[in-house]
Each structure stands twice: as C-alpha cells, then as structure tokens.
Amino acid sequence: EAGVAQSPRYKIIEKRQSVAFWCNPISGHATLYWYQQILGQGPKLLIQFQNNGVVDDSQLPKDRFSAERLKGVDSTLKIQPAKLEDSAVYLCASSKRSTGANVLTFGAGSRLTVL
Amino acid sequence: AQTVTQSQPEMSVQEAETVTLSCTYDTSESDYYLFWYKQPPSRQMILVIRQEAYKQQNATENRFSVNFQKAAKSFSLKISDSQLGDAAMYFCAYTVQGAQKLVFGQGTRLTINP
C-alpha cells in the first residue's frame with residue numbers, strides 16, 4: 001500500500017510569512033496526526049483528527065497554527081505568521097484503528113526553516 | 001501527565017555487537033502500549049517493536065527485543081548483531097488504550113562503528 005505522503009519536503013521562509021503543509025494519509029485510515037519535531041527533540045503532537053473531526057488540539061498554538069481535514073482524507077497544516085521557533089520538521093501520521101494497539105504510520109516529514 | 005524519558009542522548013556500538021537503549025515512563029494507567037520507533041536521516045519514522053502492558057512476555061522482532069519491567073516502568077530495547085543500517089535516532093513512545101496519542105521520549109542517537 002502507498003505510504004503517508006507529505007509535501008513540501010523542505011520550505012524556507014522569513015519570519016512573519018505564512019506556510020502550508022499538505023498530508024495525504026494511507027487510504028482507509030480514519031485517524032490523522034500532525035506532530036512537530038524540533039531538532040534534537042522527540043515529536044510533539046499538535047493536532048489529531050478522527051475522520052474530519054478534531055480529537056485533540058490541546059498543544060496547537062491556535063493564534064498562529066491552523067489545520068483542517070476536509071472530507072476526512074487529506075489534511076493541511078498552516079502557520080501564519082511564522083516565528084523563528086517554528087523551525088522544525090512537521091510529521092504527519094495516520095492510523096486505521098481508533099482503539100487498542102493502534103500503530104501509527106508516518107510520512108517523511110516537511111522541514112521548515114524560518115529565517 | 002504521561003512522560004517518557006530516554007536518558008542516553010547518544011550510544012555507539014561496534015558492528016555485530018549488542019546494544020541496549022534505555023527508556024522509562026511515568027503513568028497511572030494500567031492498560032497501555034509501548035513502542036520503539038527508528039528514525040534514520042531520511043526522517044521517516046519506522047516502527048521497530050511494540051509491547052502491550054497486559055502481556056508479561058517480552059516482545060521480540062528478529063534482532064530486536066525488549067525488556068519490559070512494568071513495576072519499574074522501564075522499557076529497554078536490545079539490538080543484537082548490530083548492523084550499519086541500524087544507525088538512526090531511536091524513540092521510545094507510549095500510548096493509552098483508546099487515546100491513540102503517542103507520547104515520545106527525547107530520542108537516543110545510535111551510531112554503529114564498522
């Protein structure tokens with residue numbers, strides 16, 4: 001099966017500019033996650049969708065970050081305006097099950113550099 | 001709040017030898033799952049092995065095995081017969097039954113010396 005697709009792989013912007021990342025999960029996977037991974041740290045969950053509804057966005061900086069998952073498939077994560085501390089890799093993951101030992105499959109990530 | 005701690009920022013091992021990566025976690029839950037993920041320079045997070053907390057038997061996947069000590073809240077990964085392709089960042093992760101959010105540790109960078 002095809003994996004989790006993400007684009008772009010790399011993005012360089014200046015602070016206060018905006019950026020958007022796109023994720024296409026594995027077909028049939030109901031749950032989609034966006035993680036932020038700052039260099040040298042473990043990934044941190046930003047937002048979790050179940051179909052097109054938000055399950056957890058407690059760590060999403062809502063004043064500048066937004067995410068949507070229209071029609072319960074693709075998702076877009078937007079940052080506006082970007083800050084220097086937003087420089088990170090943004091990982092998208094998806095999973096099939098909503099309970100039990102649910103295994104996440106990750107995409108290759110989008111690396112953001114804010115200058 | 002659930003936390004995962006990896007106390008070894010970096011580890012190195014000679015090719016073909018055995019290495020153990022440490023992980024401890026903090027939780028008040030009784031039903032949960034633990035994972036080890038590998039992240040090579042390509043950044044793709046790959047599942048290495050998983051353990052269900054209700055299972056006493058330690059999980060094994062080929063050269064990878066875990067030592068799960070539930071009372072001590074410890075979950076170490078042993079890699080036997082290390083290969084050059086094992087070089088990567090390794091992350092320990094935790095999730096609760098039904099919640100599905102993975103909580104990650106800080107990672108351990110593993111270097112394999114030829």
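These figures come from a predicted structure and were not determined experimentally. Hydrogens, waters and symmetry mates play no part in the numbers below; they use all other heavy atoms, side chains included. Residue numbers begin at 1 in each chain, while the letters A, B, ... track the order of the sequences.
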Check your understanding: So, do A:R111 and B:R43 sit near enough that their side-chain heavy atoms are less than 4.5 Å apart?
Key -> yes
Exercise for review: Measure the shortest side-chain to side-chain distance between A:L77 and A:L46 over non-hydrogen atoms and say whether it is less than 4.5 angstrom.
Suggested key: yes
Which region of [X], side chain (C-beta onward) or backbone (N, CA, C, O), has a non-hydrogen atom less than 4.5 Å from a non-hydrogen atom of chain A, or is it both or neither?
X: B:Q39; result: side chain
X: B:Y32; result: neither
X: B:L102; result: both

Exercise for review: Select one option (side chain, backbone, both, neither) describing which atoms of A:Q6 are under 4.5 Å from chain B's heavy atoms.
Suggested key: neither
Check your understanding: Measuring heavy-atom distances to chain B, does A:L45 have an atom under 4.5 Å in its side chain, in its backbone, in both, or in neither?
Key -> side chain
Review point. Using 4.0 Å as the upper bound for N to carboxylate O, is an ion pair formed by B:D81 and B:R63?
Key: no
Sequence neighbours excluded and cut-off under 3.5 Å, please list the side-chain donor-acceptor pairs for residues 9-24 of chain B, or say none.
none

Study note, to complete from the structure: On a heavy-atom basis, the closest approach of A:G109 and A:L91 is CA-CD2, 3.7 Å
